[in-house]
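Bear in mind the structure is a predicted one, so any value in this text is a computation, not a measurement.
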Amino acid sequence: MTIFEKTRELGEMIQNCDEMKAYKEAEARQASDEATQEYMKEFNMNRLNLARDMQNGKISREDAIEANNKAFEELCEKAPLVREYVDAKAKFDAVVNQVNSIINFYITGQTGDCTHDCSTCGGCH
């Protein structure tokens with residue numbers, strides 16, 4: 001078996017993992033919910049306004065970040081499908097990061113940024 005065949009096999013395994021399925025399902029639920037889409041449009045418009053105000057010196061970067069974070073939390077309260085999507089994406093991203101970390105270890109022999117907390121990377125190699 002060639003490296004490319006193994007890579008395709010790995011890609012298929014990632015595509016079929018539970019985290020990817022949950023992520024895609026959450027994405028579809030969020031995208032098909034009209035109320036959620038309206039709340040997201042409102043959030044994105046407010047975000048653009050914050051960025052403009054920050055560029056024009058009307059608000060500090062720190063205040064803009066704080067306001068954006070607060071608005072995101074409010075969005076998640078009004079539209080729980082957004083939080084579900086964000087959480088599912090984070091779990092899937094963690095799987096991809098773990099896979100990349102393992103591949104990197106076998107290429108470089110280095111484990112990267114070990115936090116000594118195996119939940120962050122899946123453990124030592």
Side-chain angles (χ1 to χ4, degrees):
M1 185 170 277
T2 70
I3 191 171
F4 301 110
E5 291 168 328
K6 280 290 191 186
T7 303
R8 280 189 282 284
E9 182 181 350
L10 176 60
E12 289 172 6
M13 291 177 75
I14 291 170
Q15 185 178 36
N16 292 313
C17 75
D18 291 342
E19 293 84 357
M20 175 69 155
K21 290 175 185 175
Y23 165 56
K24 288 298 183 182
E25 289 169 6
E27 182 179 49
R29 279 192 297 275
Q30 173 196 247
S32 66
D33 187 81
E34 290 181 30
T36 296
Q37 292 304 306
E38 286 301 315
Y39 290 132
M40 288 177 58
K41 285 179 189 175
E42 180 183 314
F43 170 78
N44 287 328
M45 182 58 73
N46 288 335
R47 190 173 168 165
L48 288 173
N49 289 336
L50 279 173
R52 185 192 65 235
D53 289 348
M54 188 177 67
Q55 287 177 342
N56 292 334
K58 293 181 180 179
I59 188 172
S60 71
R61 184 176 195 280
E62 293 78 20
D63 289 343
I65 290 170
E66 184 178 326
N68 186 67
N69 289 344
K70 182 179 178 194
F72 181 74
E73 288 305 318
E74 291 171 0
L75 169 66
C76 290
E77 287 176 20
K78 292 189 279 188
L81 292 175
V82 171
R83 173 68 69 201
E84 181 183 321
Y85 167 78
V86 168
D87 291 346
K89 184 174 183 332
K91 288 176 184 173
F92 174 68
D93 288 348
V95 168
V96 172
N97 289 336
Q98 183 178 351
V99 168
N100 286 335
S101 177
I102 293 168
I103 290 170
N104 187 56
F105 171 76
Y106 281 96
I107 292 171
T108 66
Q110 297 177 0
T111 60
D113 300 313
C114 182
T115 63
H116 302 290
D117 175 5
C118 294
S119 67
T120 63
C121 71
C124 297
H125 309 284

Subject >> For D87, side-chain hydrogen bond (donor to acceptor under 3.5 Å, both in side chains) partners two or more places apart >> reply: none
Please collect all salt bridge (Lys or Arg N to Asp or Glu O under 4.0 Å) contacts where either partner lies in [range], sequence neighbours excluded, each pair once.
range	value
residues 62-72	none
residues 49-59	none
residues 5-16	K6-E9
residues 15-39	K24-E27, R29-E84, E38-K41

Original post:
Who else is in L50's hydrophobic cluster (ILVMFWY, side-chain heavy atoms under 4.5 Å, direct or via others)?
Top reply: M54, I59
**OP:** Grab the two heavy atoms, one from A88 and one from A26, that are nearest each other, plus how far apart they are.
**Re:** CB-CB, 4.0 Å
Anything under 3.5 Å between a donor and an acceptor, one on a side chain of residues 71-79, the other on a protein residue two or more places apart or in another chain? List them.
{"unit_1": "E73", "atom_1": "OE1", "unit_2": "R83", "atom_2": "NH2", "d": "2.8"}
{"unit_1": "E73", "atom_1": "OE2", "unit_2": "R83", "atom_2": "NH2", "d": "3.0"}
{"unit_1": "K78", "atom_1": "NZ", "unit_2": "E42", "atom_2": "OE2", "d": "3.4"}

Subject >> Heavy-atom donor-acceptor pair, N97 side chain to D93 backbone, under 3.5 Å >> reply: yes
**OP:** Working to the nearest 0.5 Å, report the span between CG of N104 and CD of Q110.
**Re:** 7.0 Å
Original post:
Which value, rounded to the nearest 0.5 Å, describes the distance between R61 atom CZ and N68 atom CG?
Top reply: 11.0 Å
**OP:** Applying side-chain contact (heavy atoms from CB on, under 4.5 Å), name anything that partners N100, two or more places apart in sequence or on another chain.
**Re:** V96
Subject >> With S32 via side-chain contact (heavy atoms from CB on, under 4.5 Å) - residues at least two apart >> reply: none
Original post:
What do you reckon, is CD1 of I3 surrounded by more than 12 foreign heavy atoms closer than 6.0 Å?
Top reply: no
Original post:
Does V99 belong to the same Ile/Leu/Val/Met/Phe/Trp/Tyr cluster as I107, with side-chain heavy atoms less than 4.5 Å apart forming each link?
Top reply: yes
**OP:** Answer with yes or no whether the hydrophobic clustering places L10 together with I102; edges join I, L, V, M, F, W, Y residues whose side-chain heavy atoms lie under 4.5 Å apart.
**Re:** no
Original post:
Can you list the residues that meet the ring pair (Phe, Tyr, Trp, His ring centres under 6.0 Å) rule with Y23, with sequence neighbours excluded?
Top reply: Y85, F92
